[in-house]
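Since the structure comes first, as structure tokens, the remarks are kept for the end.
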There are 2 protein chains.
Amino acid sequence: MSSERPLTDDLGFLLSRASGAVARSVSAALGPLGLRVRSYSVLALAVEHDTGVTQRSLAAVVGLDPSQVVALVDELQDRGLVERAADPNDRRNRLVRPTAEGRRVFAEAHRLVTEQDDRHFAQVPPERLEAFRDVLRRVAFPGA
Amino acid sequence: MSSERPLTDDLGFLLSRASGAVARSVSAALGPLGLRVRSYSVLALAVEHDTGVTQRSLAAVVGLDPSQVVALVDELQDRGLVERAADPNDRRNRLVRPTAEGRRVFAEAHRLVTEQDDRHFAQVPPERLEAFRDVLRRVAFPGA
DNA sequence: TATTGTTATACTCTATAACTATA
DNA sequence: TATAGTTATAGAGTATAACAATA
């Protein structure tokens, strides 16, 4: 009986535990900056797309519902880290762009996030990390 | 400017998206059985430890707070999938054990979960999967 | 008609503190 | 005093539906 693999070998279960562990420590590290993993992600994308990103596109990349992005952008905007600009080409869009302060805060946040990532993956040989990331990418973005 | 790696290369971010994708489809697949990822995990551990597991130990493995385990075991017990037995050696403990029905439901659930896992990792060469699992284990259970 | 952003709502998950009974 | 289980509660995350403005 029970000749099957234990729960602790299940990839979904391991993904969930690993993801939770990293997210917890990252959110804790970002606490002093008033950010969490999700708002950090949105800010990161805004900084990447310096000229402005559509909220719909933010939602697609971060994997959230557009309605959740509204709240996160509201929050970042209230703190003066991003701003919503009009899109001359399509007036339905609100282009999200980082402020100067947003770029500063992100730089610091990015440092903290990297620090936590490194801590969690310290036991993993660097040469295996790229393969790991590659598998993760395929599962996270099946289409691409 | 922005010479840094994009968010989509960040391991924590990828973990979160991958974990979310798998958890969503697994919970959906388990729907007809009245289970979700978390109750499935608890049931799986109960089936593995046929003679009974302490709720504290369940909480430690699944990575939940003991108070959350209470609710999950309540739910499984109400559905007749597990039962709580007294521990003769330590009367503080409530040993969680699967019922016959619990084992049956788990067998079916396990099949469905494996099906989803396979689907998500179909694009990954099998020989790379064990290495992937190994990294995941180290991040999920840093001590072990 | 289809799409972007938005509001509202409900449900699940997570985190904490406090209490009880046993050890 | 320490540990297992329990209850209660609040906060964060997730999922859906509906609506206005614009295309």
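Each chain gets a letter, A, B and so on, in the order its sequence line appears, and its residues count up from 1. Hydrogens, waters and symmetry mates are skipped; everything else that's a heavy atom, side chains included, is used.
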(message) So if I take residues 23-38 of chain B and measure heavy-atom distances to DNA chain D, which residues fall below 4.0 Å?
(response)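 Nucleic-acid contacts, sorted: R24(B).
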
Lys/Arg-Asp/Glu bridge criterion (N-O < 4.0 Å) met for [X], [Y]:
X: R91(B); Y: D87(B); value: no
X: R137(B); Y: E130(B); value: yes
X: R111(A); Y: E115(A); value: yes

(message) Assuming nearest nucleotide by heavy-atom distance, tell me which of S16(B) and R91(A) is located more 5' along DNA chain D.
(response) S16(B)

(message) Quick one, S39(B) and E75(B) - any side-chain contact, counting heavy atoms below 4.5 Å?
(response)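 Yes. Closest side-chain heavy atoms under 4.5 Å.
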
(request) Indicate yes or no: at least one non-hydrogen side-chain atom of Y40(B) is less than 4.5 angstrom from one of L33(B). (result)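 Not in contact.
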
Let me know the distance between [atom1] of [X] and [atom2] of [N], rounded to the nearest Å.
X: L72(A); N: dA15(D); atom1: CG; atom2: P; answer: 14 Å
X: D87(B); N: dA21(C); atom1: CG; atom2: C1'; answer: 14 Å
X: N89(A); N: dT22(D); atom1: CG; atom2: C1'; answer: 14 Å

(request) Using a 4.0 Å heavy-atom cut-off, write out nucleotides 1-10 of chain D from 5' to 3' as B (base contacted by protein), S (sugar-phosphate only) or - (no contact). (result) -BBBBBBB--

(request) Could you tell me the separation between the CG atom of L43(A) and the CG atom of L72(A), rounded to the nearest 0.5 Å? (result) 11.0 Å

(message) Is it the case that the side chain of T99(A) and the backbone of G102(A) share a donor-acceptor pair, with hydrogens and angles ignored and the cut-off at 3.5 Å?
(response)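 Here the side-chain-to-backbone pair exists.
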
(request) Identify the residue among L45(A), V61(A), V62(A) that makes a side-chain contact (heavy atoms from CB on, under 4.5 Å) with T8(B). (result)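 The side-chain contact (heavy atoms from CB on, under 4.5 Å) with T8(B) is passed solely by V61(A) among L45(A), V61(A), V62(A).
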
